[in-house]
Amino acid sequence: MSELAKTYDPSAIEPKWYKTWLDEKAFHAEAPAPDAPEQNPETYSIVIPPPNVTGMLHMGHVLDNTLQDICIRRARLEGKLTVWQPGTDHAGIATQTKVERIVRETEGKTRRDLGREEFLKRVWAFREENGGIILNQLQRLGASCDWDRTSFTLDPHYAKAVLRSFVELYKRGYIYRGRRMVNWCPKSLTALSDEEVIMKPQNGWLYKMRYELVEASTGLDGVHRTHLEISTTRPETLMGDSAVAVHPDDPRYAHLIGKCVWRPFPRAQIPIVADKAVDIAFGTGCLKVTPAHDRTDFEIGQRHNLPVIDVLNPDGTLNALAGAEFDGMDRFDARKKAAAKLEEMGLLVEREKYSNNVGFSERADVPIEPRLSEQWFLRYPKVEEAKRAVTSGAIKFFPQRWEKTYLHWLENIQDWCISRQLWWGHRIPVWYRKGVSEAERDYANPMHVHVSENGPADPENWDQEEDVLDTWASSNLWPFANFGWPDFEGVTRKEFDLFYPTNVLVTSFDIIFFWVARMIMSALELVGEAKESLTDEEIARRVPFRHVFIHSLIRDEQGRKMSKSLGNSPDPLDLIARFGADGVRFGIVNIAPSGSDIFFSEPRIEIGRNFSNKLWNASRFRQMSGPVGDNQSLQAICARIDPARLDLFDHWILSRMVETSAAVERVFETYEMQAMTQALYAFFWGDFCDWYVEASKAKLQGEAAQTTLAVQDLVIRQTLLLLHPLMPHITEELWHQLGYIAEGQQFIQQTRIPTPQALKDALAKVGASIDDTAAATAQNINEMIGKLRSMKADYNLGSRRDVKFQYVADDAKAAIVEEDKDTILRLAGAATLDRANAQPEGAPAGITPLCTAYLDLLGSVDVEAERVRLSKELEKLDKAIAGAKARLSNEKFVASAPAAVVQGAKDQMAANEEKKAEIERLLASFQS
RNA sequence: GGGCGCAUAGCUCAGUUGGUUAGAGCGCCUGCCUUACAAGCAGGAUGUCACAAGUUCAAGUCUUGUUGUGCCCACCA
């Protein structure tokens, strides 16, 4: 134990301890060996939401992983066998796009220039180089993951699980091939799921144009028409129009149904069809139908057998079907050109500014195209059970309101397009027979299509499906694939039984659909025997986690999302360098409300750094106050307490310690982590440092010194244990510096954190039970000291220490004041505090819970100022008394309120009236 | 269009099942380098708890409505 430095320097402490923890495998846990005495220890497990393998740590990761680490480290302190499973996600589109860009920039080549095999080599090489970065960054944050278990979604064991899940779901009829409208990203050149499409309001134009009727005619409304007027935001696709639709009940057009209009270019007759999807009230009530390029239009087309005319290439340029003049043109250029051409032809009626929602590709950030294509789809399994998992309570969301979001999504669930036209990912384990064309392929015929984990026995006769799986179709196996599923062998089965289901999933709401719901459904379907439906008991056994802790998103100070392009995302490593990992952890949790979004602000992170320093200095003071005795256990410290020497302040701080321990314990029932930082901050800084330590300074010279130091050691010990999950490094360092480490133990985490009851019991055992009355009296003394300080400040004597006070009190209270006079003098900064029998002449007075105190101004009191001050106080009291009186005189209140509340009001009023009388007396004395 | 939140001090937010005179941090003002800590200490000012009605002995807290604001979902061209 060396002397601590004056200012805490985390850079010296944090890496040192992290390295030691790693070297000693402090975070590693595994199932007990078969011959171990304890075969079924209490366990606690979490799987990390795997970050993208090439990702960089951002503030969202900091919050998410700090919260997980808090849960994990607390579980260790509770003596549980604890596993935090780390790993990374291959992140199909994100990673592939990144490497494609690098290849393009450095070699001027596309992935197709390189070919699939060569390109994948580049991605693996890139992953080799960058794949560990984010994990190292998590280590710098202090994350206590079991790194020996680090997993990657393309590892062989994981790939096996992914293939197994595909084959099983296929066999059970959940996966099928279909030709459907999908969301197509013209930049990434792949299909996307609905969840990967972000709707954004866009300012554009609504074009109103005319389609010439083949035969002009008069409608039921008496209007003679030669044209139909149609509104569209996308004139560039009109070449793909194969009909115009009207509502069947629309009197304006009913007579035209079955007739034709001229599509202007390429000029062709297209029919007018009736369909209820048309909104009579929108625009003119006529809808041009482009089945290839709009979902609704596609459905209308299906109902009316309309041809699908695809005028777009996969990359978003127009093709030859759009006509020679548009062939090869970008879709947005084509929009202008099509509008111009309509205008030339005299068919453009008007163009008005218009704002509508357009779907954008989440990754590439370009407008997606609805596109008809052949894809693999998943009909979600166990949807009903997934709802029941939550409604039955097998899975609980915190905060609970997210359950509604989850259930609502399940109510409206659509089949999931799981194939991606990418190379980086799990290649779909389907093989097509060579020589059988796509047109004649029969998916039910095993001679045409082969689906298995290992492929056909005669691979030379088959071609494997080119597509890979959506990344989320592999990451949804994360909670069970990492604990040995599907082929449990030896000890992994035991591990699975011990660590699955995991206790809690910690994540933010934006991936409830992407990941959380899908994990639940896949677990319900795949963990255990194949079954049509599940009972509540089976659901409870299969779910991947018991709790889902949803935390908020971190935004910048103006409430904007953090993004690279805005440059508003602080670099966590920079913050860690300046404030320490513990400081950043404390700071970010301290500003993270459970409900709404978090507005990041650096000054608020500084609080964490400041708190670290406070903790450090309080420990330093302890070290300087006297030699550290036996601190190796709760019992050893308690044994150093002489119960006869415990004073009011000791009882008070011990009682606050127990209360704070209970408050922190409650936090882990609801995951309201912010409450933990607030409770610990208020207790350690506000109660312990500001009051207890200051009050005990005098005693350190006296006979009670040993007991006082033992109480300090006890409080600091409990604080370190309570704080360790949040601030692991500094607490570990202080644990060792102050001699808390027990014989034969290496780390703080090996200590069982005492429960509030255990603390009380340990104290009781040495005859030092906490005396609540004494604690309350100490509180009164604190209030009295506050009053004395305030009186000094009012007379500009705040910094003087030679101030003289007198007081008037009854004998009982005077005894208390006399008993603790030294402490009061010291903390109030006064020279004397003498008991007087009557009010001294012309001295300003203050009413305290224990006495009326008078400040000796040596005759120089400003009478007028004093009167103003007292009048103000009197006013406050009058208000309080009037309120209490009104209530107490109300019979209904006295009759129906709980007795304690009524009594409280009475006591309060009595005390206030006493105070009031005192003030009135003082005021009167100034009148004379 | 449907759903979910939020609205409390200048700022960011706490405020348990309704129950004394509504709190914290930051910022601001005053005074302190008081021997652990200036990343600190002491003191101080600032609130029609968005608005309106209702329930109740009692409402920041519960109910309804209004306004403002944020987010999620949805095929109005």
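These figures come from a predicted structure and were not determined experimentally. Letters A, B, ... mirror the listed sequences (proteins, then strands); counts begin at 1.
Taking atom C1' on both nucleotides, B:A22 is separated from B:U61 by 11 Å, rounded to a whole Å. Rounded to whole Å, the separation between the P atoms of B:G54 and B:A9 comes to 26 Å. Going from the P atom of B:U8 to that of B:U48 covers 11 Å, rounded to whole Å. Between B:C62 and B:G25, the two P atoms lie 26 Å apart (nearest whole Å). Across the P atoms, B:A36 and B:G15 are found 36 Å apart, a figure rounded to whole Å. As rounded to the nearest Å, B:A45 and B:A7 have C1' atoms that lie 25 Å from one another. One P atom belongs to B:U35, the other to B:C41, and the distance between them is 14 Å to the nearest Å. The gap from the C1' atom of B:G65 to that of B:U55 amounts to 15 Å, rounded to the nearest Å.
Going from atom CG of A:Leu407 over to atom P of B:C4 covers 12 Å, rounded to whole Å. Protein atom CD1 of A:Ile591 is 15 Å distant from nucleotide atom C1' of B:A24, rounded to whole Å. As a whole-Å value, the separation of A:Phe599 CZ from B:A7 P is 12 Å. Note: CD1 (A:Ile598) to P (B:A14) measures 11 Å, nearest angstrom. To the nearest angstrom, P of B:G25 lies 11 Å from CG of A:Asn590. One atom, CZ of A:Phe586, and another, P of B:G25, lie 12 Å apart when rounded to the nearest Å. The distance between atom CD of A:Glu602 and atom P of B:U12, rounded to the nearest whole Å, is 18 Å. At whole-Å resolution of the value, CG in A:Leu680 and P in B:A14 are 18 Å apart.
The closest side-chain donor-acceptor pair between A:Asp275 and A:His304 falls under 3.5 angstrom. Defined by atom type and a distance below 3.5 Å, a donor-acceptor pair is present between the side-chain atoms of A:Lys288 and A:Thr290. Side chains of A:Glu196 and A:Ser193: a donor-acceptor N/O pair is present below 3.5 angstrom, by distance only. Side chain to side chain, A:Gln712 and A:Ser696 meet the donor-acceptor criterion of an N or O pair below 3.5 Å.
In this structure A:Trp616 satisfies the ring pair (Phe, Tyr, Trp, His ring centres under 6.0 Å) test together with A:Tyr8, sequence neighbours excluded. In this structure, the salt bridge (Lys or Arg N to Asp or Glu O under 4.0 Å) partners of A:Arg295, at least two apart in sequence or on a different chain, are A:Asp194. Under the ring pair (Phe, Tyr, Trp, His ring centres under 6.0 Å) criterion, A:Phe600 pairs with no residue, sequence neighbours left out. Checked against side chain to side chain donor-acceptor pair (under 3.5 Å), A:Asn780 has no partners two or more places apart in sequence or in another chain. In terms of the salt bridge (Lys or Arg N to Asp or Glu O under 4.0 Å) criterion, residue partners of A:Asp415 (sequence neighbours excluded) are, by chain and number, A:Arg180.
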(message) Give the dot-bracket line for RNA chain B from 5' end to 3' end: parentheses for intra-strand Watson-Crick or G-U pairs under 3.5 Å, square brackets for crossings, | for inter-strand pairing, dots for unpaired.
(response) (((((((..((((.....[...)))).(((((.......))))).....(((((..]....))))))))))))....
Please table the atom pairs, donor to acceptor, closer than 3.5 Å between any side-chain atom in residues 508-515 of chain A and protein atoms at least two apart or in another chain.
residue  : atom : partner  : partner atom : Å
A:Ser508 : OG   : A:Asp510 : OD1          : 2.3
A:Trp515 : NE1  : A:Ser475 : O            : 3.0

Under 3.5 Å, side-chain donor or acceptor atoms of residues 677-686 of chain A against the rest of the protein: list the pairs with distances, not counting sequence neighbours.
residue  : atom : partner  : partner atom : Å
A:Thr677 : OG1  : A:Asn590 : ND2          : 2.8
A:Thr677 : OG1  : A:Gln674 : O            : 2.8

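Under the side chain to side chain donor-acceptor pair (under 3.5 Å) criterion, the residue pairs touching residues 197-209 of chain A are A:Lys200-A:Asp365, with sequence neighbours excluded.
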Polar pairs (N or O, both sides) under 3.5 Å between protein and nucleotides 57-63 of chain B?
residue : atom : partner  : partner atom : Å
B:C57   : O2'  : A:Asn890 : ND2          : 2.7

(request) Scan nucleotides 70-77 of chain B nucleotide by nucleotide, 5' to 3', and note B when protein non-hydrogen atoms come under 4.0 Å of the base, S if they reach only the sugar-phosphate, - if neither. (result) -S-SBBBB
(message) Walk along nucleotides 31-46 of chain B from 5' to 3' and tag each nucleotide B, S or - by protein heavy-atom contact under 4.0 Å, base first, then sugar-phosphate.
(response) SS-B-BBSBSSSSS--
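The residues A:Arg609 and A:Glu602 are annotated as not salt-bridged, no charged nitrogen and carboxylate oxygen being separated by less than 4.0 angstrom.
In this structure, A:Arg826 is not positioned above the aromatic face of A:Trp691 in the sense of NZ or CZ being under 6.0 Å from the six-membered ring centre and within 45° of the axis.
Across A:Ile13, A:Asp582, A:Leu738, a single residue satisfies side-chain contact (heavy atoms from CB on, under 4.5 Å) together with A:Glu733, and that is A:Ile13.
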